[in-house]
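To start, the structure under review is shown below, and the notes come after it.
We're numbering straight along the sequence, starting at 1. Note that these values count all heavy atoms, side chains included, but never hydrogens, waters or copies made by symmetry.
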Amino acid sequence: MNTLYFFLLVVLSNGVLSENTPIVLWHGMGDSCCFSFSLGAFQKKLNESLGGVYIYSIQIGNNIIEDVENSFFKYPLDQLNETCETLSADPALVNGFNAIGFSQGGQFLRGLVQRCPTIKMKNLITLGAQHQGVYGLPRCGALPFEICNSLRKILSQFAYNRYVQDILVQATYWHDPINEETYKHESAYLGEINNERNINQDYIERLQSLENLVMVKFINDTMVQPVESEWFGFYKPGQAIETETLQESSLYTDDRLGLKKMDEESKLHFLEVEGDHLRFPWTWFEENIIEKFLK
């Protein structure tokens with residue numbers, strides 16, 4: 001690394017050139033770190049609103065194309081390990097950073113804070129993240145319920161196959177509420193980071209080290225089924241019609257992930273906004289996210 005570049009990053013991380021806490025971004029499925037029409041545009045607006053801030057947008061792979069491909073096909077825990085090393089080695093992030101995760105990037109950032117002891121994440125903002133997974137195809141709500149229900153039952157027959165779990169990212173957070181035990185034991189990513197099989201105390205302590213966990217739900221979301229997953233809610237076990245909130249779930253009442261304690265300490269924030277998946281007015285984002293959690 002160029003010596004001058006290294007020095008500038010260290011200065012930035014100490015807040016001399018910018019008083020704002022650095023920000024890490026993780027994109028969603030089918031997107032990339034740096035497309036000008038998505039996260040590239042978001043970074044530009046974020047910089048304008050904050051008057052300058054160090055932003056690191058996570059790229060998995062050597063280029064944008066690989067980054068998009070890996071959002072579908074690279075095993076999530078391998079992505080977390082790679083990202084942990086990258087962020088830990090960045091001098092601009094040594095004093096801590098805020099993080100914003102878009103869709104599946106949100107549950108990946110949560111997994112990162114739980115599994116990476118060498119980073120210091122302060123505030124985690126998740127936009128449309130599937131914290132309790134998904135049980136349904138994107139846009140399936142446009143079809144009759146019977147068709148959608150049949151499709152997800154078919155998908156469940158294949159989603160927990162070990163080969164599928166190894167090669168398809170989205171299968172690792174497929175959550176079949178009708179077959180909860182299969183999900184808990186075979187879900188390679190979500191079953192792990194949600195402490196479904198074993199209680200990993202490190203996961204609890206690291207998640208509780210966050211100053212705030214902010215979860216944004218999109219009221220008119222047609223991508224995530226059920227949309228309650230964006231607030232850590234899900235279908236009640238044994239069926240796929242009625243939903244329950246986080247506070248009604250065993251994850252909360254048994255406090256398997258430490259979320260109950262975080263809620264009691266006012267560290268959990270449940271925000272909602274009109275619009276489809278990841279669609280929000282910038283004025284809303286400035287008022288509800290930037291002003292409250294990024295300044």
Atom CG of residue position Asn198 - does it have more than 12 heavy atoms of other residues, nucleotides or ligands inside 6.0 Å?
no
Are Phe232 and His131 close enough that their ring centers fall under 6.0 Å? yes
Regarding Tyr235 and Gln132, do their side chains bring together a donor and an acceptor under 3.5 Å, going by distance alone? no
Could you tell me whether Lys236 and Glu248 have a side-chain N and a carboxylate O separated by less than 4.0 Å?
-> no
| request: Would you check if there is a donor-acceptor pair between the side chains of Asn195 and Asn200 at a distance under 3.5 Å? | output: no
**OP:** Step through it carefully: locate the ring centre of Tyr135, locate the ring centre of Trp174, and say whether they are under 6.0 Å apart.
**Re:** yes
With a sphere of 6.0 Å drawn around NZ of Lys260, does it hold more than 12 non-hydrogen atoms of other residues, nucleotides or ligands? no
### Query
Is the distance between the ring centroids of His175 and Tyr183 less than 6.0 Å?
yes
Test side chain to side chain contact (heavy atoms under 4.5 Å, CB included), reference Leu46, set Ile289, Leu39, Ile55, output is Ile55
Name the orientation class of the two ring planes belonging to Phe35 and Phe37 (parallel below 30°, tilted from 30 to 60°, perpendicular beyond 60°).
-> parallel
Check: Tyr189 ring centre within less than 6.0 Å of Phe108 ring centre: yes
Indicate whether the side chain of Arg197 and that of His185 have a donor and an acceptor atom separated by less than 3.5 Å. no
- Task: Assess the pair Phe42 and Phe285: is the distance between their ring centroids shorter than 6.0 Å?
- Result: yes
